[in-house]
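Working notes, beginning with the structure itself.
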Amino acid sequence: MSPPPRPAFNSLGSGDRLISSTSGSPCVVREFIGAGGQGEVYSASLDGEEVAVKWYYPNWCTPSQRRSLEVLISKGTPSERFLWPSDLVSQPGSPSFGYLMPLRQKRFRGMTDLLKGRIDPTFRARATAGLQLAHSFLQLHAHGLCYRDISAGNVFLDPTTGDIAICDNDNVGVDAEGIGGVMGTPDFMAPELVRGQSLPNTQSDLFSLSVLLFYLFHVHHPLYGKRLLQIRSLDLKARIKLCGEEPVFIFDESNTVNEALPWEKDPTGEAGANAFDLWKIYPEFLREKFTKAFTVGLKDPKNGRVRETEWRMVMSQLRDDITYCPNRHENFVDRSARLWGTPPTEGAGELPPTDPCWVCSATVSRPPRLRLGKTWVILNADTQLFPHHIDPTRLYDYSQPVASIVQHPQDPSRWGIKNLSNRAWSTTAPDGSQASVEPGRSVSITLGRRIRFGTVEGAIAA
């Protein structure tokens with residue numbers, strides 16, 4: 001894809017030298033990357049390191065914008081997922097300025113590529129992206145900041161791993177302060193912002209995050225249902241009505257005036273056909289969170305919004321509930337409301353043995369699961385355990401796998417759990433015999449087997 005056209009003014013050229021504010025080191029401009037409403041982005045070299053430069057248009061080179069950047073630079077990035085401003089840069093003889101930030105790796109693709117069907121990440125990659133988004137915004141808010149302009153254009157993901165990168169962080173501000181005049185992108189703004197009744201804050205960020213997550217899993221806006229077919233043009237006036245003045249969730253069971261329509265009733269897909277097909281395949285606990293976000297959360301910003309901690313838990317459980325049909329299509333093992341949040345016990349909480357695949361209708365046989373306290377992990381051929389699963393002090397730590405599922409080298413029908421950690425496990429077989437599983441060794445997956453991972457014990461069950 002060719003880059004967006006360069007504006008006819010205020011452009012930098014390859015080889016131009018900028019001066020960094022803190023060190024005074026020269027920053028050499030390399031290539032034009034893209035342009036937006038505030039300025040242009042270039043790749044550049046600073047002391048031999050590849051970086052990115054955002055260079056503002058003249059009307060954005062204001063004292064208030066400079067002060068905002070100085071605050072962000074002094075605070076430092078709340079998470080490595082943010083492509084955070086690291087220093088101001090200027091050009092001798094020019095009143096314009098910009099800032100340095102990490103250069104986005106080429107493996108990352110825009111969320112807009114997902115919405116336009118150019119990429120199709122797996123459910124595991126989507127859940128990973130959702131987990132990283134929730135965790136990143138939790139860290140941002142913990143620093144007393146709000147993003148103010150969460151949208152699909154500001155988030156990039158690796159479609160293979162689900163890793164994310166968040167850009168345009170110069171619009172981040174102090175919670176509930178309107179400095180800089182950035183209110184958000186209409187489709188992602190909380191209703192109270194659309195109506196002009198509030199300044200951007202943590203609660204409005206939570207709503208925008210939920211919209212972004214809904215797009216990630218349903219490839220559609222949560223408030224654009226059949227009422228969209230009654231509108232001649234989705235202009236600003238229409239967006240204000242649908243997103244601010246009269247918002248209705250497309251899966252609100254108590255109000256179907258704006259329900260999502262299937263393809264046969266809306267061949268254009270504008271009224272939510274994608275979402276209609278996908279909604280029913282996800283576990284109930286995910287649907288419950290989206291329903292809360294876009295029903296109660298529409299009217300009660302303080303108490304009705306789904307928090308980042310809730311989304312982290314949901315996304316982590318989604319990863320653990322994935323299984324496969326014989327044709328390798330991803331499916332979910334649903335956790336019923338009866339089991340949700342309660343410790344599985346012997347003889348209780350058994351799952352249905354089979355389900356039809358949502359893609360090909362093939363029978364999905366349930367593989368064993370590893371029960372870990374109040375939750376479980378489905379043991380597929382590609383399942384990995386992480387510190388998050390076996391160490392209560394390292395929640396949401398997916399940095400390095402500590403166990404993987406392996407096939408017996410002589411008997412393909414037998415599978416085991418391989419110890420990838422640096423400490424031994426202890427295991428108790430169904431007959432009561434005990435053994436140690438040293439690092440690099442495996443233990444067979446047998447129903448009723450218990451494995452002690454340090455302070456956490458897991459049990460293999462059907």
Side-chain angles (χ1 to χ4, degrees), residues 1-113 118-119 147 149 151-159 163-173 180-182:
M1 180 185 301
S2 59
R6 293 174 55 153
F9 56 91
N10 199 45
S11 295
L12 298 173
S14 178
D16 284 357
R17 296 169 72 86
L18 308 175
I19 302 300
S20 60
S21 176
T22 301
S23 66
S25 299
C27 176
V28 181
V29 176
R30 296 301 185 197
E31 295 180 345
F32 173 77
I33 296 176
Q38 295 175 312
E40 305 165 342
V41 178
Y42 297 83
S43 63
S45 177
L46 176 70
D47 295 331
E49 179 183 357
E50 290 298 308
V51 295
V53 172
K54 182 170 181 178
W55 190 250
Y56 288 109
Y57 300 140
N59 59 316
W60 279 93
C61 293
T62 64
S64 63
Q65 186 67 27
R66 179 182 284 271
R67 287 194 299 271
S68 296
L69 282 169
E70 289 171 343
V71 169
L72 296 178
I73 291 168
S74 66
K75 282 182 172 290
T77 181
S79 163
E80 72 279 3
R81 306 296 175 190
F82 293 95
L83 303 181
W84 200 258
S86 60
D87 202 357
L88 290 169
V89 289
S90 59
Q91 189 175 40
S94 171
S96 297
F97 62 88
Y99 67 88
L100 300 175
M101 59 182 168
L103 185 65
R104 188 178 73 245
Q105 298 176 28
K106 293 183 178 180
R107 66 188 176 103
F108 290 102
R109 301 284 298 274
M111 273 286 290
T112 52
D113 287 332
R118 299 186 188 122
I119 58 174
Y147 191 85
D149 191 21
S151 73
N154 299 334
V155 174
F156 294 78
L157 73 156
D158 181 331
D163 289 339
I164 65 159
I166 305 170
C167 66
D168 286 345
N169 297 293
D170 51 330
N171 290 324
V172 170
V182 176

Show your working on side chain to side chain contact (heavy atoms under 4.5 Å, CB included) between Asp168 and Asp149 and close with a plain yes or no. CA-CA 9 Å; Asp168 286 345; Asp149 191 21; 5.8 Å; no
Looking at every non-hydrogen atom in both residues, tell me the closest pair between [X] and [Y] and how far apart they are.
| X | Y | answer |
| --- | --- | --- |
| Cys167 | Phe156 | SG-CE1, 3.4 Å |
| Val89 | Ser20 | CG1-CA, 3.9 Å |
| Ser96 | Cys61 | CA-SG, 3.6 Å |

Gap separating the [atom1] atom of [X] from the [atom2] atom of [Y], nearest 0.5 angstrom:
| X | Y | atom1 | atom2 | answer |
| --- | --- | --- | --- | --- |
| Ile166 | Thr77 | CD1 | OG1 | 9.0 Å |
| Ser43 | Ile33 | OG | CD1 | 5.0 Å |
| Tyr99 | Ser90 | OH | OG | 16.0 Å |
| Ile164 | Arg81 | CD1 | CZ | 6.5 Å |
| Phe97 | Trp55 | CZ | CH2 | 9.0 Å |
| Asp87 | Cys27 | CG | SG | 9.5 Å |

Output, in order, the C-alpha distance, side-chain angles, deciding distance and verdict of side chain to side chain contact (heavy atoms under 4.5 Å, CB included) for Asn169 and Tyr147. CA-CA 7 Å; Asn169 297 293; Tyr147 191 85; 3.3 Å; yes
Between the main-chain N or O of Glu50 and the side-chain N or O of Ser45, is there a donor-acceptor pair closer than 3.5 Å? no
Does Gly153 offer a backbone N or O that forms a donor-acceptor pair with the side chain of Thr112 under 3.5 Å? no
With heavy-atom distances below 4.5 Å as the criterion, would you say the side chains of Trp84 and Pro78 are in contact? yes
Polar side chain donor-acceptor pair, Asp163 to Gln105, under 3.5 angstrom: no
Check each of Val29, Ile19, Leu18 against Gln91 using the side-chain contact (heavy atoms from CB on, under 4.5 Å) test, and report the only one that passes. Leu18
Atom CZ of Arg17: over 12 foreign heavy atoms under 6.0 Å: no
Within 6.0 Å of CD in Glu49, more than 12 heavy atoms from elsewhere: no
Mind running side chain to side chain donor-acceptor pair (under 3.5 Å) on Tyr42 and Asp16 for me, showing each step along the way? CA-CA 11 Å; Tyr42 297 83; Asp16 284 357; over 6 Å; no
Using the side chain to side chain contact (heavy atoms under 4.5 Å, CB included) rule, take Leu100 and Val53 through it: C-alpha gap first, then chi angles, then the decisive distance, then the call. CA-CA 5 Å; Leu100 300 175; Val53 172; 3.5 Å; yes
side-chain contact (heavy atoms from CB on, under 4.5 Å) partners of Ile119, counting only residues at least two apart: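 Only Arg109, Asp113, Leu114, Pro121, Leu157, Pro159 meet the side-chain contact (heavy atoms from CB on, under 4.5 Å) criterion with Ile119.
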Dump the intermediate steps for side chain to side chain contact (heavy atoms under 4.5 Å, CB included) on Val41 and Met101, then the final yes or no. CA-CA 10 Å; Val41 178; Met101 59 182 168; 4.0 Å; yes
The residue among Glu40, Gln65, Gln38 that forms side-chain hydrogen bond (donor to acceptor under 3.5 Å, both in side chains) with Tyr56 is Gln65
